[in-house]
Structure formats: structure tokens, C-alpha cells
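Input: a single structure, listed below in C-alpha cells.
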Protein chains: 2
Amino acid sequence: MSSEPSLTEEIASQLRDQVTGGALTPGQRLSEARLAADLDISRNTLREVFRLLTREGLLRHEPNRGVFVAVPSMASILDIYRVRRLIEVPALAQAWPRHEGAGRMRAAVVRAKNLRDIGDWRGIGSANMEFHAAIVSLSDSPRLNAFFAQIIAELRLAFGLLDSPEMLHAPYIDRNAQILERLEAGDAATASVMLDEYLGQSERVVLQAFARLG
Amino acid sequence: MSSEPSLTEEIASQLRDQVTGGALTPGQRLSEARLAADLDISRNTLREVFRLLTREGLLRHEPNRGVFVAVPSMASILDIYRVRRLIEVPALAQAWPRHEGAGRMRAAVVRAKNLRDIGDWRGIGSANMEFHAAIVSLSDSPRLNAFFAQIIAELRLAFGLLDSPEMLHAPYIDRNAQILERLEAGDAATASVMLDEYLGQSERVVLQAFARLG
DNA sequence: CTGATATGATTGTTCGACAATCATATACCA
DNA sequence: TGGTATATGATTGTCGAACAATCATATCAG
């Protein structure tokens with residue numbers, strides 16, 4: 001009855017959270033032996049986890065040298081935003097207002113507003129990502145959803161590099177709410193235009209913050 | 001000096017060809033022990049290969065039951081064509097005519113025409129896929145290219161189910177040539193419209209052939 | 001101080017083992 | 001006889017150990 005996720009998937013999810021959550025520094029090397037011991041799993045199992053996360057772009061594998069936490073580059077951020085625009089905007093443009101995904105969008109907006117009141121910026125970031133994942137779910141495409149999930153994970157990794165999460169997320173809560181309001185009013189066209197502008201501005205802010213790092 | 005691809009990658013590529021090439025029947029079960037013996041690799045290594053191909057959608061993994069060659073469904077074909085349209089059309093629309101990808105497109109067209117003369121339909125299929133992969137490469141997005149490679153592999157798997165490859169590929173050789181001609185003439189807009197129509201028709205043909213199978 | 005060599009650590013791959021789970025055949029009971 | 005429960009066998013999931021190949025670092029020679 002319990003569709004228990006295999007140990008590999010479980011550990012993968014755990015490691016993924018550590019990487020996107022910033023517990024592991026980009027560029028950091030992950031020793032097979034030590035990590036396996038820390039996680040209390042065998043090297044073989046850990047290797048399968050590495051394969052998964054490498055495929056998702058969160059880890060980088062150098063032959064005979066080991067795996068490292070991926071280091072986001074400016075090029076990767078540009079690429080990620082291009083992909084986001086390509087996928088999110090059409091998904092929203094042709095959305096049916098009562099699609100299940102709209103409910104997810106609303107839930108994410110509400111959650112973000114609540115978290116803003118208590119100043120949980122990391123939580124706001126998660127809610128924001130969930131909002132956009134919900135937009136993609138409007139497309140009803142399993143492949144696009146899976147692909148976008150990876151893109152989001154990579155973006156979180158990049159965000160982890162930057163400081164001042166308020167700058168990155170705070171201004172967009174109300175904007176998300178407006179986009180949702182337009183969609184629920186049946187005006188998907190305007191909503192998608194707003195989303196396009198949103199992504200453009202967000203990209204600029206992220207790139208600027210990234211440039212300040214050197 | 002030789003950037004030797006790891007044994008895992010090598011076997012993965014080999015198995016991938018067998019799956020997309022039709023040597024393995026969709027739905028067929030792949031026994032870890034036997035396949036490992038046949039390929040003369042260890043079970044552990046084969047498992048890593050399985051993870052890779054499962055992630056690519058070519059294999060399906062059922063916990064505690066084993067891995068099977070994926071069985072394309074009508075829903076998956078619909079999804080694949082939706083994704084293709086979403087990615088290929090904009091990539092071509094905003095293409096720069098002297099982009100390196102245009103050269104790849106031309107090479108694919110030439111190869112397809114040559115193969116038509118000797119009746120190598122399987123080869124024509126490969127050339128056709130290469131043509132479309134080249135279109136995506138016009139976008140200069142590593143992530144889109146990687147994603148599209150998976151989509152193509154899944155589509156090949158679906159094609160393997162169908163017979164009469166001439167029906168599937170022959171009519172499109174000249175159409176590809178026309179699209180390329182428009183692009184090289186600097187008229188990417190028209191080219192992308194033609195591509196959109198192409199994909200619509202191709203999708204219909206594939207779905208009809210698929211429906212004839214039951 | 002520079003370059004070649006030796007040493008140590010880590011990865012790549014294999015092997016063998018065992019518990020957990022699944023599929024099938026057998027035995028039992030109404 | 002037919003259906004259910006149990007026992008059997010095979011396969012997967014995970015582990016631990018082992019060893020060659022490769023890489024990184026320290027040592028030494030000039």
C-alpha cells in the first residue's frame with residue numbers, strides 16, 4: 001500500500017534540498033566515501049544518487065576526480081531565464097482560468113503573503129517558485145513540468161549564491177497576485193504579457209546581483 | 001588525452017541505440033542479471049545505465065519489479081509534439097541565417113536525399129531527427145538542446161512501434177529542404193510558419209499510424 | 001627554484017552476499 | 001470443482017569489500 005520511495009530517491013531528495021537550500025556551497029567537492037558514511041548509505045547507492053542529481057544539473061561530475069556542487073554561471077542564468085520565458089509565457093497565455101493549476105497559483109500567492117508577515121524570506125522564495133511551477137502545470141504537459149522542475153532547481157542553486165533574498169523575492173509577491181487576478185478574470189492574454197515583463201525584470205535583478213559577486 | 005567516455009556512458013549509448021533502433025521491444029522486461037551477463041558488465045554498472053535511460057524516458061522502472069522498455073502511448077506522442085512545436089518554432093523564427101546550426105540543417109538535408117536514393121529509410125529517419133535537432137541548436141540554449149535530445153529519443157522509440165517508415169519520413173525530405181531554403185534566404189518568419197505546418201501534419205500522420213495498431 | 005619521481009588518496013568497476021519483495025505453483029478447504 | 005491461502009523460487013534493493021586506474025601532493029634531484 002505504501003508506495004515507498006526507494007532509498008535512492010529519498011536520499012536524492014534530501015541532497016537536493018541541501019544543495020538548493022544552500023547547505024552545500026557551489027564548487028564544493030563531495031567525497032564519495034565521506035558522504036556515504038555521513039548519510040549512512042553505501043557508496044553504490046550514493047553513486048546512483050549522484051547520477052540523478054548530475055542529470056538535473058545540480059552536481060557536476062569530473063571523471064576520475066569526483067562530483068562537485070555545480071557553480072552557476074552568468075551564462076547559465078541567461079539560459080535559464082530564456083527557457084523560463086519560452087515555457088511559462090505560452091503556458092499562461094493559453095490557460096483555462098479554472099484549471100487546477102490556477103488553484104495552485106492562488107495557494108502559492110496566499111502562502112507568500114503570510115510568510116512575508118513573519119519575514120520568512122526563504123519560504124517566500126519557495127512559494128514564488130511554486131507559483132511559477134503552477135503556471136507551467138497549466139500546460140498539462142508532463143514533459144514540460146518535469147523539465148521545468150529541473151530548471152527551478154538550478155535557479156534555486158543560483159539564488160543560493162546571492163544574498164539579500166528580500167531584493168530577489170519581495171517585490172514579486174504583489175506582482176504574482178496581479179497576474180493571478182488577471183488570469184482568474186479570464187484575461188490570460190494580459191496576464192501572460194505581465195508575466196513576460198516580470199521575467200524580464202527578475203532576470204535583470206538577478207544578473208545585477210550576480211555581477212556584484214565577481 | 002583521450003577523453004574516454006566512462007564505461008557507463010558507453011553502455012548507455014549502446015543500449016539507447018538498441019532501444020530507439022527497435023532491437024528491444026517496448027514493454028519488454030530487462031533482467032538485471034541476464035543483461036549484465038550479456039553485456040559483460042557488473043550489475044552495479046548496469047544499474048547506473050538503467051538510471052540514465054530511465055531519466056531519459058526510454059526505460060520505465062517499477063519498484064521491486066524491474067525495468068522495462070518504455071511503451072509509448074498516444075498521450076505521450078501528443079505531449080511530444082506539443083513540446084516540439086513550443087521549442088522548434090520559436091528557435092527557427094528568431095534564427096540568424098548564418099548560424100552554425102544552419103550548416104547542420106543543410107548537412108542533414110543532403111544526407112537524407114542521398115539516403116533516399118538507396119532506400120535507407122532508417123537512415124532517413126535519423127537524418128530527419130538531426131535536421132530538427134539542428135533547428136533547436138539555433139537557439140544556442142544548452143538546456144533546450146539537452147531536453148530536445150531526450151524528446152527525440154522518445155519519439156524514435158514511438159516510431160519503432162510503427163511500420164512503413166516511408167510514410168513517416170519520405171514526404172518530409174523536400175519539406176525540410178524548403179524550410180532551410182527560406183531560412184537561408186533570410187526569411188525566418190516564413191520558415192517557422194512552414195515548420196509549424198510541418199509539425200501539425202507529421203503529428204496527424206503519426207497519430208493515425210499509431211491508432212491503426214490498437 | 002624548477003622539473004621529475006614516489007607516495008597517498010579517490011574514483012571506477014567488479015564481485016559476492018543477504019534481506020525484502022514479487023510471481024508462480026502448490027495445497028487446502030468449502 | 002473452484003477459489004483462497006500458503007509455500008516456493010526468482011529478482012530486485014542495498015550493502016560491504018576488494019583492486020586497478022587515475023589524480024593530487026609531497027619529496028627529491030639538479
Side-chain angles (χ1 to χ4, degrees), chain A residues 1-19 23-71 146 157, chain B residues 1-19 23-71 146 157:
Chain A
M1 206 95 310
S2 67
S3 73
E4 43 183 328
S6 80
L7 178 58
T8 300
E9 300 283 349
E10 208 166 335
I11 300 288
S13 167
Q14 194 173 324
L15 243 188
R16 185 165 26 228
D17 290 346
Q18 288 191 27
V19 171
L24 267 30
T25 313
Q28 178 179 349
R29 174 169 176 191
L30 302 182
S31 158
E32 282 188 10
R34 193 163 59 217
L35 230 190
D38 287 354
L39 294 172
D40 200 41
I41 59 177
S42 81
R43 259 184 73 206
N44 282 326
T45 302
L46 181 58
R47 268 167 149 271
E48 294 204 350
V49 173
F50 279 171
R51 287 279 174 194
L52 277 179
L53 300 189
T54 298
R55 201 69 171 138
E56 294 176 14
L58 294 181
L59 302 181
R60 195 165 34 88
H61 176 100
E62 299 189 11
N64 292 317
R65 296 217 29 215
V67 304
F68 304 77
V69 180
V71 182
L157 176 62
Chain B
M1 206 97 308
S2 67
S3 75
E4 44 183 330
S6 81
L7 178 59
T8 300
E9 300 284 349
E10 207 165 336
I11 300 288
S13 167
Q14 193 173 326
L15 242 189
R16 185 165 25 226
D17 289 346
Q18 288 191 26
V19 172
L24 267 31
T25 312
Q28 178 179 348
R29 174 168 176 192
L30 302 181
S31 158
E32 280 187 12
R34 193 164 59 216
L35 230 189
D38 287 354
L39 294 172
D40 201 41
I41 59 177
S42 79
R43 260 184 72 205
N44 281 327
T45 302
L46 181 58
R47 268 166 149 274
E48 295 205 350
V49 174
F50 279 171
R51 290 279 174 196
L52 277 181
L53 300 189
T54 298
R55 201 65 172 146
E56 294 176 13
L58 294 181
L59 302 181
R60 196 164 35 88
H61 176 101
E62 300 188 10
N64 292 318
R65 296 218 26 218
V67 305
F68 303 78
V69 180
V71 181
L157 177 62

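Each chain gets a letter, A, B and so on, in the order its sequence line appears, and its residues count up from 1.
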Does the distance from a Lys or Arg side-chain N to an Asp or Glu carboxylate O, for A:E56 and B:R51, drop under 4.0 Å?
no
Check this for me: does any side-chain nitrogen of one of A:R55 and B:E48 sit under 4.0 Å from a carboxylate oxygen of the other?
no
Would the base of D:dG13 count as contacting B:R43 through its side chain, where contact means a donor and an acceptor less than 3.5 Å apart?
yes
What is the distance, to the nearest angstrom, from the [atom1] atom on [X] to the [atom2] atom on [N]?
X	N	atom1	atom2	result
A:L30	C:dA9	CG	P	20 Å
B:E32	D:dC15	CD	P	15 Å
A:L7	C:dA20	CG	P	14 Å
A:N44	D:dT14	CG	P	11 Å
B:I41	C:dC15	CD1	C1'	14 Å
A:R65	D:dC23	CZ	C1'	8 Å
B:L46	C:dT13	CG	C1'	13 Å
B:R47	C:dG12	CZ	P	18 Å

Apply side chain to side chain contact (heavy atoms under 4.5 Å, CB included) to the pair B:L53 and B:V67, showing each step before the final yes or no.
CA-CA 10 Å; B:L53 300 189; B:V67 305; over 6 Å; no
For [X] and [N], is the shortest distance between a side-chain N/O and OP1 or OP2 below 4.0 Å?
X	N	answer
A:T8	D:dG13	no
A:H61	C:dG12	yes
B:T45	C:dT14	yes

Which is more 5' along DNA chain C, the nucleotide nearest B:R29 or the one nearest A:A33? Just name the residue.
A:A33
Checking D:dC15, D:dG13, C:dT11 against the side chain of A:S31 (C-beta onward), the nearest is C:dT11
Pair B:F68, B:E62 - check side chain to side chain contact (heavy atoms under 4.5 Å, CB included), show working.
CA-CA 8 Å; B:F68 303 78; B:E62 300 188 10; 4.0 Å; yes
Steps toward side chain to side chain contact (heavy atoms under 4.5 Å, CB included) verdict (B:L157, B:V19)
CA-CA 7 Å; B:L157 177 62; B:V19 172; 3.6 Å; yes
